Amino acid sequence: MRPVRIYDTRTRETRRLVPRVPPKVGLFVCGLTPYDDAHLGHGKLAVTFDVVARTLRRFGYRVFYVQNVTNLDDKVLRRAGELGLDPLTLSERYFRGWTGAMERLGVASVNYYPFATDYVPEILAQIQALIDRGYAYAAGGSVYYSVARFAPYGELSGQRVEALRPGARVAVEPEKRAPEDFVLWKAASPGEPTWESPWGPGRPGWHIEDTAITVRLLGARYDLHGGATDLKFPHHEAEIAQAEAATGEAPLVNFWMHAGLLTTQGEKMSKSIGNVSSLSDAIEAWGPEVLRFYYLNAHYRSPLDFDPARSLEESREAYATLEGAARRLREGSQASPPGEEGLPPAEGRAIEALLERLDELMADDFRTREAIALLFEHGRRVSEFLPKLPALNAEAREALAAPYAWALEVLGLCPVRPGSAEGAGGVEAALNARERARGRGDYAEADRIRSDLNEGGIVVEDGPGGARWRRAGPSEP
RNA sequence: GCCGAGGUGGCAGAAUGGUUAAUGCGACGGACUGCAGAUCCGUUUCCUGGGGGUUCGAUUCCCUCCCUCGGCUCCA
């Protein structure tokens, strides 16, 4: 296991990850409430922790990555009411949409998506434990957490309860003993799915599901908790209060990792604001790698401002440069059998050093932007060797390709796409016809053939070795 | 009001107590091309919010102010 340093929000320091049970690492990421389509902000979070999991696995950690699904809450209920659907059917449908988008985005690192409503027994037990220990009280068929009873409350976010502004966003429930208390169990309302409980029929509060699930799946203490910064308070604060009070063990997690928000025109991208861009649409229009590149082109903790008019346009251009070098290397290697020459020793060493540096960057709180910068620099090396490629032996070719294999494994960029042979004969024939037209100076005909190919999604690039072609990416004109 | 995160070139966005502050996009010039594109080379010399302080040296550390965003118990 390579040592990895991670920034922890709670202690506000970057320190080495020491798994509680090496080489296992428990990773929990919250924030999936399937009541509508995923947007670009969700994509950023998903790619962030996908890369965290990929990196740790590369370094020899056995990551168990859990992402919970809040399949029943106020928003699900409201939306279901609007659409006239059963709430659990609605959330199931949007969850499928979510996993479909994740699959296309290349996010395959999540081991398990537990549904909140499958953990009602655990939730009831945890609430009971909190009541027994004096941290919670029943009132009017609901159960509330008594924040005043938990001394470390506010440690994660730096908030002092006295300084809060009650009712800033959410109306204060009159049954609460104190405005900062939060609901663990919600008394049943007509028409809602409900479960029996010692306090009457009802359903789980939002915060409790996470800790009921994590205590069950990851233990009373675990390694990494991820989420976006907007959940730091109150949600993550509540998780600490619940779990540590219920189990008597602390700290709940060793590292609180908070990803910067995706904003757009200076505002958080959010359904309530209504400024969302659909994740699925963006994947469709730009391709998954352009999106991943966009997200990873900044540090995960930084806020990222999405400009619909240019952000992905710019990422597409940049990614095309990065991926183009990888592709030309691959195609060039396929086009000629390996030769006899090795790489100059200095170059071989430089690539070794590059690979080591890439791992070092990731091991230092996941510095993806700098890793990408190094991959661009490697692209220039590849360009330099491209003309000499036919003479290079297999080992040299592999060394040149190694950084791209790294990029694929860790960042999910520069995948090897098997060149589709389908229709290739027709393209070759068209290119030959175009060459003949060019040969006799009939440029009108040559350009017509080229634009026909463009229409068919084939990009023609004339180079020193003659015309080459490739299939256009999803968003290339 | 309080808590948190930010403010770096035309734009996006890294990093660092110390020679020219990455990388990319864009722009411009050149090579190659019938043209375009791709690629390569070069240029884009005075870019670190304001003001103090510590230091031989601050963009980095400290104080203060301004601005933006997030949160304040349903928001990834």
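What you see is a predicted model, and the numbers here were worked out from it, not measured in a lab. Residue numbering restarts at 1 for every chain, and letters A, B, ... go by the order of the sequence lines.
- With A:Thr9 contributing its side chain and A:Trp256 its backbone, the two residues share a donor-acceptor pair below 3.5 Å.
- When heavy atoms are screened at a 4.0 angstrom cut-off, A:Glu317 is found touching the sugar-phosphate backbone but no base atom.
- Near-neighbour residues of RNA chain B inside residues 36-47 of chain A, defined by a heavy atom below 4.0 Å, number-ordered: A:His39, A:Gly41, A:His42, A:Leu45.
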Per-pair distances, 0.1 Å, donor-acceptor, side chain in residues 27-38 of chain A, under 3.5 Å, sequence neighbours excluded:
residue: A:Asp36; atom: OD1; partner: A:Arg79; partner atom: NH1; Å: 3.4

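- Annotation: proximity of residues 432-440 of chain A to RNA chain B (heavy atom, distance under 4.0 Å) is found for A:Arg434, A:Arg438, numbered in ascending order.
- Proximity note for A:Asp73 (side chain, C-beta onward) versus B:rC74, B:rC72, B:rU39: the nearest is B:rC74.
- Contact between A:Leu130 and A:Ala246 at its shortest, heavy atoms only, is CD2-N, 3.6 Å.
- Residues meeting the side-chain hydrogen bond (donor to acceptor under 3.5 Å, both in side chains) test with A:Glu356, sequence neighbours left out: A:Arg2.
- Every residue two or more places apart in sequence or in another chain was checked for a side-chain contact (heavy atoms from CB on, under 4.5 Å) with A:Ala108, and none qualifies.
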Q | Nucleotide-level pairing of RNA chain B, given in dot-bracket where Watson-Crick and G-U pairs need both distances under 3.5 Å and | marks other strands | A | (((((((..(((.....[....)))((((((.......))))))....(((((..]....))))))))))))....
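- A:Lys44 contributes atom NZ, which lies 13.5 Å from atom CZ of A:Arg292 (distance to the nearest 0.5 angstrom).
- Nearest heavy-atom pair, A:Leu291 versus A:Ala282, reported as atom, atom and distance to 0.1 Å: CD1-CB, 3.9 Å.
- Sorted by first then second residue, the ring pair (Phe, Tyr, Trp, His ring centres under 6.0 Å) pairs that include residues 36-55 of chain A, not counting sequence neighbours, are A:His39-A:His42, A:His42-A:Trp98.
- Among B:rG71, B:rA76, B:rU23, the nucleotide with an atom closest to any side-chain atom of A:Leu231 is B:rA76.
- Within the 4.0 angstrom heavy-atom criterion, base atoms lie near A:Tyr443.
- As a whole-Å value, the separation of A:Glu331 CD from B:rU39 P is 13 Å.
- The two residues A:Glu239 and A:Tyr222 come nearest to each other via the heavy atoms OE1-OH, 4.2 Å.
- Closest approach to the A:Lys176 side chain among B:rU73, B:rU39, B:rC3 is made by B:rU73 (side chain taken as heavy atoms from C-beta onward).
- Counting any heavy atom pair closer than 4.0 Å across all strands shown, A:Arg450 reaches a base atom.
- Under the side-chain contact (heavy atoms from CB on, under 4.5 Å) criterion, A:Pro114 pairs with A:Val66, A:Asn68, A:Tyr112, A:Tyr119, A:Ile213, A:Leu217, sequence neighbours left out.
- Looking at residues two or more places apart in sequence or on another chain, you find no salt bridge (Lys or Arg N to Asp or Glu O under 4.0 Å) involving A:Glu384.
- Here the side chain of A:Ala228 is nearest to one of B:rC74, B:rA76, B:rC2, namely B:rA76.
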Q: Assign a letter to each nucleotide of nucleotides 4-20 of chain B from its 5' end: B, base within under 4.0 Å of a protein heavy atom; S, sugar-phosphate only; -, no contact.
A: S------SBSSS-----
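- A:Glu384 comes within contact range of no nucleotide atom at all, as no heavy-atom separation falls under 4.0 Å.
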If you restrict it to nitrogen or oxygen atoms, what contacts under 3.5 Å exist between nucleotides 41-43 of chain B and the protein, and what is each distance?
none

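- In this structure, A:Thr321 reaches the sugar-phosphate backbone alone: every heavy-atom distance under 4.0 Å involves primed, P, OP1 or OP2 atoms, never a base.
- In terms of heavy atoms, A:Ser91 sits closest to A:Asn71 at OG-O, 2.8 Å.
- Along RNA chain B, the nucleotide closest to A:Phe293 and the one closest to A:Ala446 are compared, and the more 5′ of them pairs with A:Phe293.
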Quiz: residues 186-195 of chain A side-chain donor-acceptor pairs under 3.5 angstrom, not counting sequence neighbours:
residue: A:Lys186; atom: NZ; partner: A:Asp74; partner atom: OD1; Å: 3.2
residue: A:Lys186; atom: NZ; partner: A:Asp74; partner atom: OD2; Å: 2.9
residue: A:Glu192; atom: OE1; partner: A:Arg203; partner atom: NE; Å: 2.7

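- With hydrogens and angles left out, the side chain of A:Tyr144 and the base of B:rU73 share no donor-acceptor pair within 3.5 Å.
- Side chain A:Asp442 to base B:rG34: no donor-acceptor pair is found below 3.5 Å.
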